[in-house]
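Have a look at the structure below, then the notes.
As the structure is a prediction and not an experimental result, all values here were calculated from the model. First listed ligand is number 1; within each ligand, the first listed atom is number 1.
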Amino acid sequence: MTQTLEARSLAAVWHPCTQMKRHESAPPIAIERASGPWLYGTDGRRYLDGISSWWVNLFGHSHPHIRAALADQMERLDHVMLAGFTHAPVVELSERLSALTGLGHAFYGSDGASATEIALKMSAHYWRNQGRSGKNRFVGLAGGYHGETVGALAVTDIALFREAYAPLVRLSDTVPSPDARQALPGETAADVARRAAKGLEQWLQAHHNQTAALIVEPLVQCAAGMAMHDAEYLRLARLLCDHYEVHLVVDEIAVGFGRTGSLFAHQQAGIQPDFICLSKGLTGGTLPLSAVLTTDTVYAAFYDDDVARGFLHSHSYTGNPLACRAAVATLELFEQLDALTANRQLAQRVSTAFAPLSAHPRVRHARQQGMIWAWDIDSSLPDFSRRYHAAAMERGLLLRPIGHTLYCMPPYVLDDEAVAHLGRMALEALEATLLQESEPLTQEVTA
Ligand SMILES: *Cc1c(COP(=O)(O)O)cnc(C)c1O
């Protein structure tokens, strides 16, 4: 008896962020290969990857340069533990990340959530090593997302993700988001940022003695529904963190590596954070890897004859050579392709293709930052997200709205055909979804 891959998957695999019962009506789609921005299904159909496979892909799937680097690395060294050993890919990657950010002492994990945990632990341990162990709490922004492991959930302010686990989590406080959509009539995005910074100031005034760090997603709170803010917020947050002696952690896991137009989002504010968390695009979307970079000051506070003052944290695959080599190859592509410049031109072409969607009468807050586009859809469908996703997939386009926010975060390699497909099918899928408003409702989904 031959079963489809979809049926075998449902029997053997627990899919992420998914109510599995959902798959009774819409089974997962089996993909057999991918190339550039296209995913190819076992059903012979192709789908344009409009969300870069959960925001990880940068230069298209199976890029020949990354593929060649990985094949070469596999011939030399697959893996060696990083405690007590080192290797060329991890050294080269760390040197490059340091040169690009001005921070250093790269510490590696495998996923974004582990980068969050590393940064939070390092920050609190820094204060402890300074004799200020009372500074062990964290603060994040309303709607912030920093991963879903128990430590990362503490600073993730998305109710659906933490409701069931709240008893396990030492919840952090949240301060107002600088989300520019909150602008009152006559207010600019910078005004909203200043208003939110006032909220941060009041909070820090009261709690700085217990607070190790503020963690923010610079410029775009992606999981909140692509909530964008003015760089002014980051400048003010930096000043306030300095004043109140609180670390500033920038979570660039989603927005790093050119996504917002600059290599790193916080660079648009001209600030230097105390910690940077990286993952997702770090390996161009090929292998799991995350990194945390910090200042010489933080590093120095751990440097001691006493073992217990060291940063005692590890993962089995910390600094995996294959993943690091993929990351080096990805950084090489930024140079070879002059990707930030190329993206500015590409973003204009994509914005032009999206112009009819942005002008649609049901669209609110059409917005763009670098290679991220988002639109809030005024629809009575509680399950808009699921229906839109299905309508887009029928049209060969992978998009997954967050609630009523439709967004696109494509790979940086789109030819004219792909750009046209994106613009046309995103709009057609919207019209097809809105036509269903008169049909009976089904249950709501998020994520
Ligand atoms: C995706 C994401 C994370 C978590 O990364 P995982 O690899 O999924 O654990 C953390 N922070 C931000 C901003 C993210 O977008």
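For a threshold of 3.5 Å applied to N or O pairs, the pair formed by I253 and ligand 1 contains no separation below that value. Of the N or O atoms in K280, one or more lie within a sub-3.5 Å distance of an N or O in ligand 1. Below 3.5 Å of separation, one finds an N or O of D251 facing an N or O of ligand 1.
Shown in contact with W55 at under 4.0 Å from a heavy atom are these atoms of ligand 1, numbered in order with element: 15 (O). Taking every non-hydrogen atom of D111 and a distance limit under 4.0 Å, the qualifying atoms of ligand 1 come out as 7 (O), 9 (O). Heavy-atom contacts of A254 reach the following atoms of ligand 1: 15 (O) (cutoff under 4.0 Å). The distance from ligand 1 to the heavy atoms of G147 drops below 4.0 Å at these ligand atoms: 4 (C), 10 (C). For ligand 1, the atoms sitting less than 4.0 Å from at least one non-hydrogen atom of G112 are 4 (C), 5 (O), 6 (P), 7 (O), 9 (O), numbered in the order shown with element in parentheses. Under a 4.0 Å criterion applied to the non-hydrogen atoms of A113, ligand 1 contributes the atoms 4 (C), 5 (O), 6 (P), 9 (O). Near H146, the atoms of ligand 1 lying under 4.0 angstrom from a non-hydrogen atom of the residue are 10 (C), 11 (N).
Between E187 and R195 there is a salt bridge, since a side-chain N of the basic residue sits under 4.0 Å from a carboxylate O of the acidic one. Using a 4.0 Å cut-off between charged side-chain N and carboxylate O, K198 and E201 make no salt bridge. Using a 4.0 Å cut-off between charged side-chain N and carboxylate O, R238 and D242 make a salt bridge. Contact check on D376 versus R367 returns a salt bridge, with a Lys/Arg side-chain nitrogen under 4.0 Å from an Asp/Glu carboxylate oxygen. Electrostatic pairing of R325 and D72 counts as a salt bridge here, judged by a charged N lying under 4.0 Å from a carboxylate O.
Taking the centre of each ring, F311 and Y299 stay at or above the 6.0 Å mark.
Although no hydrogens or angles enter the test, the distance criterion places a donor-acceptor pair under 3.5 Å between the side chain of S379 and the main chain of L381.
Residue Y317 qualifies as open at atom OH: its count of foreign heavy atoms under 6.0 Å is 12 or below.
Put simply, atom 8 (O) of ligand 1 has no protein non-hydrogen atoms near it, under 4.0 Å away.
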